[in-house]
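The residues of the chain are indexed from 1 along the displayed sequence.
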Amino acid sequence: MSTFEPPAETLADVVLVDYGLGNLRSATRGLERAGASVEITDDPEAFAAADGVVLPGVGAFREGMENAGPLREALTEHAEAGRPLFGICLGMQMLLTTSEEADHEGEGEVTGLDLVPGTNVRFEVDRKVPHMGWNELEVTRDHPIVDGVDGEYAYFVHSYYAEPDDPNAVVATADYGVDFPAVVANEAGNVFGTQFHPEKSGETGLKILRNFVEYCAER
């Protein structure tokens with residue numbers, strides 16, 4: 001039986017960015033359960049009216065950046081204005097500067113949003129890749145997005161992981177033959193992402209989403 005109690009009223013208005021690669025249905029349900037009113041859109045003008053923006057993502061870095069290309073300026077402006085921007089899985093990787101994924105596939109370098117400077121690197125471990133399944137979160141520094149989830153488990157599906165230039169950008173880690181960032185954030189704290197899928201992570205994921213919605217409400 002779930003122990004998560006959904007709020008009695010809407011706490012924040014959230015935009016879920018539709019650029020063709022997101023797990024929109026599950027993310028919408030999770031955010032609504034966490035207290036958000038959700039608008040799914042690719043209209044940059046909607047970002048300014050929202051309390052927060054979620055950038056979901058499933059797939060390859062190059063495709064993600066190409067699809068989201070028309071939204072790059074609006075996403076950057078939203079983040080630089082100090083407003084909440086939450087990247088999920090590929091969406092988190094897109095917050096960084098580059099990724100080895102395109103080079104690995106022989107497609108050359110692709111530039112990410114560069115909101116959390118760094119690169120995404122491929123797992124080089126004696127384990128099955130992609131890393132798929134439940135893994136434990138270890139919170140390494142305070143941030144509202146990870147309140148109450150230290151030691152809890154979340155659901156991952158990925159072959160690449162973030163390596164931020166600034167070690168302080170790492171908010172939480174998980175272990176898969178190497179300690180890798182499970183949650184990252186920029187220096188200001190308003191841009192952050194989870195490598196795991198909160199919408200697939202049960203009670204832990206709902207807590208993360210509720211943390212995000214409350215963060216948006218308080219800004």
Side-chain angles (χ1 to χ4, degrees), residues 4 11-12 14 27 30-31 34-36 51-57 75-76 78-99 112-121 123 125 131 133-158 160-219:
F4 187 88
L11 301 176
V14 171
L31 285 162
D51 297 312
V53 171
V54 178
L55 181 66
L75 290 169
T76 300
H78 178 88
E80 291 180 346
R83 309 187 72 193
L85 175 60
F86 180 12
I88 295 175
C89 196
L90 174 62
M92 187 199 88
Q93 295 184 4
M94 290 165 60
L95 299 178
L96 276 74
T97 313
T98 60
S99 177
L113 295 172
D114 195 29
L115 297 172
V116 180
T119 190
N120 297 285
V121 300
F123 278 112
V125 294
H131 167 224
W134 296 86
N135 207 334
E136 184 177 5
L137 304 177
E138 180 180 352
V139 173
T140 56
R141 73 172 178 87
D142 290 339
H143 189 283
I145 196 67
V146 292
D147 284 353
V149 300
D150 188 31
E152 301 296 332
Y153 283 75
Y155 188 79
F156 294 81
V157 183
H158 61 120
Y160 293 78
Y161 63 90
E163 278 194 351
D165 292 346
D166 181 0
N168 289 326
V170 180
V171 174
T173 63
D175 176 29
Y176 194 66
V178 60
D179 284 336
F180 68 90
V183 183
V184 300
N186 69 344
E187 185 175 359
N190 66 299
V191 177
F192 42 86
T194 61
Q195 182 59 72
F196 55 89
H197 288 274
E199 74 280 9
K200 297 180 180 180
S201 296
E203 296 292 311
T204 302
L206 283 170
K207 177 62 176 171
I208 292 276
L209 294 176
R210 180 63 180 271
N211 288 344
F212 168 66
V213 172
E214 290 180 345
Y215 179 80
C216 291
E218 292 168 0
R219 299 290 288 180

Item checked: Where Ile88 and Pro198 come nearest, the two heavy atoms and their spacing -> CG2-CD, 3.7 Å
Next item on the list: Kindly give the heavy-atom pair with the smallest separation between Pro181 and Val170, and that separation in Å.
Entry: CG-CG2, 3.9 Å
Check: So, Asp150 side chain and Val139 main chain: donor-acceptor pair closer than 3.5 Å or not?
Finding: yes
Margin query: Between Glu163 (side chain only) and Val121 (backbone N and O only), is there a donor and an acceptor less than 3.5 Å apart?
Written below: no
Margin query: Using side-chain heavy atoms (C-beta onward) and a distance below 4.5 Å, is Ile145 in contact with Ile208?
Written below: yes
Check: CD of Glu199 to OH of Tyr155: how many Å apart, nearest 0.5 Å?
Finding: 11.0 Å
Notebook entry, point to check: Is the shortest distance from a Lys or Arg side-chain nitrogen in Glu214 or Arg210 to a carboxylate oxygen in the other one below 4.0 Å?
Noted result: yes
Next item on the list: Report yes if the side chains of Leu31 and Val54 come closer than 4.5 Å at any heavy-atom pair, otherwise no.
Entry: yes
Margin query: For the CG atom of Leu96 and the CG atom of Asn120, what is their distance to the nearest 0.5 Å?
Written below: 5.0 Å
Notebook entry, point to check: Below 4.5 Å, heavy atoms only, C-beta onward: do Phe196 and Thr204 meet side chain to side chain?
Noted result: no
Note to self: Once side-chain hydrogen bond (donor to acceptor under 3.5 Å, both in side chains) is applied, do any residues pair with Arg141, and if so which ones, sequence neighbours excluded?
What the structure shows: none
Note to self: Measuring centre to centre across the rings, with the benzene-like ring taken for any Trp, is Phe86 within less than 6.0 Å of Tyr215?
What the structure shows: no
Next item on the list: Could you tell me whether the side chain of Asn190 and the main chain of Ala79 form a donor-acceptor pair under 3.5 Å?
Entry: yes
Next item on the list: Look at the side chain of Asn186 and the backbone N and O of Val191, then say whether any donor-acceptor pair between them is shorter than 3.5 Å.
Entry: yes
Checklist line | Asp114 side-chain N/O to Thr97 backbone N/O, donor-acceptor pair under 3.5 Å | finding: no
Check: What is the minimum heavy-atom distance between Gly189 and His143, and which atoms define it?
Finding: O-NE2, 2.8 Å
Check: Counting distance only, does the side-chain N/O of Asn135 pair as donor-acceptor with the main-chain N or O of Ala174 below 3.5 Å?
Finding: no
Next item on the list: Go through the structure and list residues passing ring pair (Phe, Tyr, Trp, His ring centres under 6.0 Å) with His158, not counting sequence neighbours.
Entry: Phe123, His131, Phe156, Phe180
Item checked: Nearest non-hydrogen partners of Pro164 and Val116, listed with the distance -> CB-CG1, 4.4 Å
Note to self: So does Val53 get a backbone contact from the side chain of Arg83, meaning a donor-acceptor N/O pair under 3.5 Å?
What the structure shows: no
Notebook entry, point to check: In Å and rounded to the nearest 0.5 Å, what is the CG to CE distance from Leu113 to Met94?
Noted result: 5.5 Å
Item checked: Minimum heavy-atom distance between Pro84 and His78, given as atom pair plus value -> O-NE2, 2.8 Å
Check: Just by modelled atom types, is the Cys89 backbone N or O under 3.5 Å from a matching donor or acceptor in the His197 side chain?
Finding: no
Note to self: Donor-acceptor check, side chain of Thr140 to backbone of Val171, threshold 3.5 angstrom: yes or no?
What the structure shows: yes
